[in-house]
Amino acid sequence: MLGDDIADKKISVAVPLYNEIGCVDELYQRVLTAIKKTGLQYEFIIVDDGSDDGTLEYLIEKSREDPCLKVIELSRNFGLQAAVSACLHFAEGDALILLDGDLQDPPELLSEMVDKWKSGADVVYTVKKSRKEFILKRMVFSLFYSFQKTLLNGAIPVQAGNFSLLDKKVVRAICNLRESNRYFPGLRNWSGFKQVPLYYHRDKRKTGKPKMTFFRLMKLGMDGIFNYTHIPLQFSLLMGFAMLLLAFGLSCNVLYQKFVSHQAILGWTSTILIICLIGGVQLVSISILGEYIIRIFENSKGRPEFFVRKIYKS
Ligand code: UDP
Ligand code: MG
């Protein structure tokens with residue numbers, strides 16, 4: 001439980017934005033109303049991830065009028081995970097609430113999250129009870145989450161995304177991690193502390209198109225798996241052994257036919273099939289290895305996740 005001095009506490013609400021001119025005004029108004037309801041001191045941070053549709057200009061204008069608004073302009077579009085890291089980096093409050101800027105995460109849940117934090121939670125992560133997205137996207141997401149659940153043995157809560165509240169100590173802990181190819185929900189979960197779920201219905205995106213393209217989502221999904229488990233490597237070893245066993249069985253069969261039953265070996269088709277199968281397994285195994293090597297390579301470069309071009313604050 002937080003002490004009676006709760007009124008002195010300050011919360012940071014941070015949003016990554018990339019070309020969201022269609023909903024930035026509504027976002028600003030709704031977040032502001034929701035923060036004020038908590039009765040706490042606050043700062044509102046918006047990370048502009050290289051927008052070129054007027055979102056940044058709108059934010060600069062707002063930051064002149066509103067001293068609680070801090071706008072961080074990144075030097076280019078670095079992608080959602082880097083923008084989330086920037087949110088964590090610049091948050092100065094006793095707790096940070098992260099939410100998407102397309103209003104899929106309702107800002108009205110802020111008070112409930114703060115209440116859970118006041119009652120002692122270090123992390124309040126939200127879990128989507130339902131999603132109002134295109135059916136194919138929903139299917140891919142649930143496939144991804146069930147795959148992740150099996151491989152990670154439930155290590156990352158299913159259907160939990162970026163929308164969450166983190167206490168200052170958790171923000172610091174995650175900021176101090178130096179790995180690249182971040183998958184924020186995974187890191188948040190891995191950090192430990194006292195984590196509490198909050199269930200909600202995820203809305204449709206207000207306007208515009210999703211900025212996370214299929215390939216970006218796929219990369220994120222792979223980061224969410226390969227960064228947290230070595231099981232795929234062990235799986236490829238298992239496949240290798242299974243293939244060896246199969247090859248051994250087939251060799252025995254061939255030898256038997258040659259020396260015992262003296263039958264001519266017909267099976268050209270089966271030979272080709274086996275070659276294809278073994279070739280396929282080898283390729284899969286090599287690409288699984290590759291996924292880990294890419295991550296070692298990225299980490300060894302030690303590049304920062306983002307650069308800041310300018311900070312706007314009045
Ligand atoms: N976003 C960002 N940089 C990017 C892509 C997205 O800052 O390169 C922001 C985007 O403006 C939104 C949030 O991240 O506020 C979530 O993006 P999106 O709605 O496209 O993701 P989805 O809902 O499809 O997962
Ligand atoms: Mg969205």
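All values reported here derive from a predicted model rather than from experimental measurement. Start at 1 and go down the list; that is how both ligands and their atoms are numbered.
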Nearest candidate to atom 19 (O) of ligand 1, where distance is taken over non-hydrogen atoms, out of Asp105, Asp102, Leu27
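Closest candidate by heavy-atom distance is Asp102.
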Can you tell which of Ala83, Cys87, Pro16 gets a heavy atom nearest to atom 9 (C) of ligand 1?
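It is Pro16 that holds the nearest heavy atom.
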Does even one non-hydrogen atom of Arg202 get within less than 4.0 Å of ligand 1?
yes
Under 6.0 Å from the ring centre and within 45 degrees of the ring axis: does the NZ or CZ of Arg76 meet both conditions for the six-membered ring of Phe78?
yes
Where on Asp49 is there a heavy atom closer than 4.0 Å to ligand 1, on the side chain, on the backbone, on both, or on neither?
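The part of Asp49 near ligand 1 is the side chain, not the backbone.
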Under 4.0 Å, heavy atoms only, figure out whether ligand 1 is touched by the backbone of Asn77, its side chain, both or neither.
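For Asn77, only side-chain atoms sit under 4.0 Å from ligand 1.
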Check step by step if side-chain hydrogen bond (donor to acceptor under 3.5 Å, both in side chains) holds for Tyr312 and Glu73.
CA-CA 8 Å; Tyr312 303 89; Glu73 180 192 356; 2.8 Å; yes
Distance filter under 4.0 Å to [X] heavy atoms, resulting ligand 1 atoms:
| X | value |
| --- | --- |
| Asp100 | 13 (C), 15 (O), 16 (C) |
| Glu20 | 10 (C), 11 (O), 12 (C), 15 (O) |
| Gly101 | 12 (C), 15 (O) |

So which pairs with a foot in residues 277-291 pass side chain to side chain donor-acceptor pair (under 3.5 Å), sequence neighbours left out?
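Non-adjacent pairs meeting side chain to side chain donor-acceptor pair (under 3.5 Å): Glu291-Arg295.
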In a check of side chain to side chain donor-acceptor pair (under 3.5 Å) between Asn77 and each of Asp48, Asn19, Asp49, which one passes?
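The option that passes is Asp49.
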Is it true that the side chains of Asp53 and Ser51 contain a donor and an acceptor less than 3.5 Å apart?
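On atom types as modelled, these side chains do not qualify, holding no pair under 3.5 Å.
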Might you confirm whether atom CZ of Phe90 has over 12 heavy atoms from other residues, nucleotides or ligands at distances under 6.0 Å?
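Yes, the 6.0 Å shell around CZ holds more than 12 heavy atoms from other groups.
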Any idea which N/O/S atom from Asp102 gets closest to the Mg ion (ligand 2)?
OD2
What's the separation between atom CD1 in Ile11 and atom CH2 in Trp117, rounded to the nearest 0.5 Å?
7.5 Å
